[in-house]
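What follows is one structure encoded as structure tokens, with my remarks underneath.
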Amino acid sequence: MSRLQVVSGKGGTGKTTVAAALALALATEGKRTLLVEVEGRQGIAQLFETEALPYEERKIAVAPGGGEVYALAIDPELALLDYLQMFYKLGSAGRALKKLGAIDFATTIAPGLRDVLLTGKACEAVRRKDRSGRFAYDYVVMDAPPTGRITRFLNVNDEVAGLAKIGPIHNQAQAVMRVLKSPETAVHLVTLLEEMPVQETVDGIAELRSARLPVGRIIVNMVRPEVLDAADLELVRTVPRSTVARSLSSAGLGGARRGGRAERLVDPLLTQAEEYAERYTLEHEQRAVLTELGLPLHELPLFAEGMDLAGLYELARELREQGVS
């Protein structure tokens, strides 16, 4: 497995949830994983039912087998202060710049710089080693921007081309790109079995490949259970209404006489079956589109009552069982 796991997806597909579950799955059996948030939404803190994350690496969960998950919410302004201290030793002068609003001004007028800082912080965590020479983290998982922005976000070398041709910023971008375009990185896309998310996934993969960024896996989230298979649906389409009414009556749902309770249930039941058949057909069509992309394909179940911490651990278990960890 690549050491930097980037998770993207169309808004509403649950990419943050999948990123968190992936971090838990990768931390199994004593591994250490850092889960990085770059959009400032504090979605990770909500999922793990903890307080808002500061700009520091903090342990938020223990995985099966004793592994640990740490989390970091990267603040672009504070990351820039780190950068200024690292390369220019500004110290208190850097803090003064922040008070004057210069830091916010710099990251606003130069969005490419912002992306260098965000991706650079994650790549630094990937490369960091302890005193014994071991990597500080076995894996770093990034909850990245949505699919429509992911290629531009990761392709920071192009982003800074207009900012600096030489110097520390240029060198930092080059160092980041060496990680992002290497086997150390894999970019996973989260989708649903619906037309718009699938099409955005197809387009996103094409853009990533065009930029020579390493595409990893497709993770289909919130997959609803299959109630009827193709044979059942064909039977629903062909069976006479009277037969359905008699079957309902035999099940104790009212007499089969005309106008009886069983007959009144037929139309709503068949309407529901037709709606399910449409969804079944659509989902199978979209699954076929994803399969044609030639990437590992994984599916995670829908939790009808919503996601909580127990559900997050269940998704991590699903990922492990599907060979993602």
Minimum-distance pair of heavy atoms, taken over all atoms of Ser182 and Val179: OG-O, 2.8 Å

Ion pair Arg149/Glu207, N-O distance below 4.0 Å: no

Shortest non-hydrogen contact between Ala122 and Ile74, atoms and distance: N-CD1, 4.3 Å

Hphob cluster co-occupancy, Met222 + Tyr313, side-chain heavy atoms under 4.5 angstrom: no

SB check Arg317 Glu321 (cutoff 4.0 Å): yes

Pairwise distance CD(Gln46) to OG1(Thr16) - rounded to 0.5 angstrom: 9.0 Å

Reported CG-to-CG distance for the pair Leu180 and Leu4, which is rounded to 0.5 angstrom: 6.5 Å

Separation between CD1 of Ile60 and CD of Glu51, rounded to the nearest 0.5 Å: 11.5 Å

Hydrophobic cluster membership, Val62 vs Leu309, 4.5 Å side-chain cutoff: no

Arg217 side chain vs Leu295 backbone, donor-acceptor pair below 3.5 Å: no

Note, Tyr70 side chain near Thr33 side chain (heavy atom, < 4.5 Å): no

Close side-chain approach of Val140 to Gln5, heavy-atom, < 4.5 Å: no

Thr281 (side chain) donor-acceptor with Ala277 (main chain) under 3.5 angstrom: yes

Ile218 side chain reached by Pro296 side chain, heavy atoms, under 4.5 Å: no

Minimal non-hydrogen separation, Ala19 against Val141, with atom names: O-CG1, 3.6 Å

Residue pair Met142, Phe153: steps toward the side-chain contact (heavy atoms from CB on, under 4.5 Å) verdict: CA-CA 12 Å; Met142 180 193 292; Phe153 173 77; 3.7 Å; yes

Least distance between heavy atoms, Leu24 atom then Ala316 atom: CB-CB, 3.7 Å

Gln199 side chain reached by Glu194 side chain, heavy atoms, under 4.5 Å: no

Under 3.5 Å donor-acceptor, Gln42 side chain and Leu53 backbone: yes

Side-chain heavy atoms of Leu293 within contact of Ile205, under 4.5 Å: yes

Contacts of Arg3 that satisfy side chain to side chain contact (heavy atoms under 4.5 Å, CB included) - sequence neighbours left out: Val126, Phe135, Glu184

Check: Pro197 main-chain N/O paired with Thr201 side-chain donor or acceptor under 3.5 Å: yes

Value rounded to 0.5 Å, distance of CG in Leu34 from NZ in Lys59: 14.0 Å

Inter-residue atom distance Glu299.CD - Leu319.CG, 0.5 Å rounding: 12.0 Å

Within one Ile-Leu-Val-Met-Phe-Trp-Tyr cluster: Leu192 and Leu189, side-chain cutoff 4.5 Å: no

Least distance between heavy atoms, Thr17 atom then Leu312 atom: O-CD1, 3.6 Å

NZ/NE/NH1/NH2 to OD/OE distance under 4.0 Å, Glu283 and Arg287: no

Side chain Asp138, main chain Arg32, donor-acceptor under 3.5 Å: yes

Within one Ile-Leu-Val-Met-Phe-Trp-Tyr cluster: Met196 and Val223, side-chain cutoff 4.5 Å: no

Main-chain N/O of Val69 paired to Lys31 side chain as donor or acceptor, under 3.5 Å: no

Donor-acceptor pair, side chain of Thr191 and main chain of Val220, under 3.5 angstrom: no

Neighbour count above 12 (heavy atom, 6.0 Å) for Glu305 CD: no

Derivation of the side-chain contact (heavy atoms from CB on, under 4.5 Å) call for Val215 and Arg209: CA-CA 7 Å; Val215 183; Arg209 285 172 169 167; 4.0 Å; yes

Full working for side-chain contact (heavy atoms from CB on, under 4.5 Å) between Leu72 and Glu37: CA-CA 6 Å; Leu72 171 66; Glu37 182 176 72; over 6 Å; no

Minimum side-chain heavy-atom gap Lys15-His188 below 4.5 Å: no

Side-chain donor-acceptor pair present, Thr13, Asn221, cut-off under 3.5 Å: no

Minimum-distance pair of heavy atoms, taken over all atoms of Leu213 and Asn155: CD1-N, 4.5 Å

Asp115 bridged to Arg152 by N-O distance under 4.0 Å: no

Side chains of Val190 and Ser8 in contact at under 4.5 Å (non-hydrogen atoms): no

Nearest-0.5 Å distance, CD of residue Glu318 to CD1 of residue Ile219: 12.0 Å

side-chain contact (heavy atoms from CB on, under 4.5 Å) between Val6 and Ile150, intermediate numbers included: CA-CA 9 Å; Val6 180; Ile150 187 61; 4.1 Å; yes

Side-chain heavy-atom pair Leu208, Thr151 within 4.5 angstrom cut-off: yes

Ionic contact status for Arg128 with Glu57, cut-off 4.0 Å: yes

N/O donor-acceptor pair under 3.5 Å between Thr119 side chain and Leu154 backbone: no

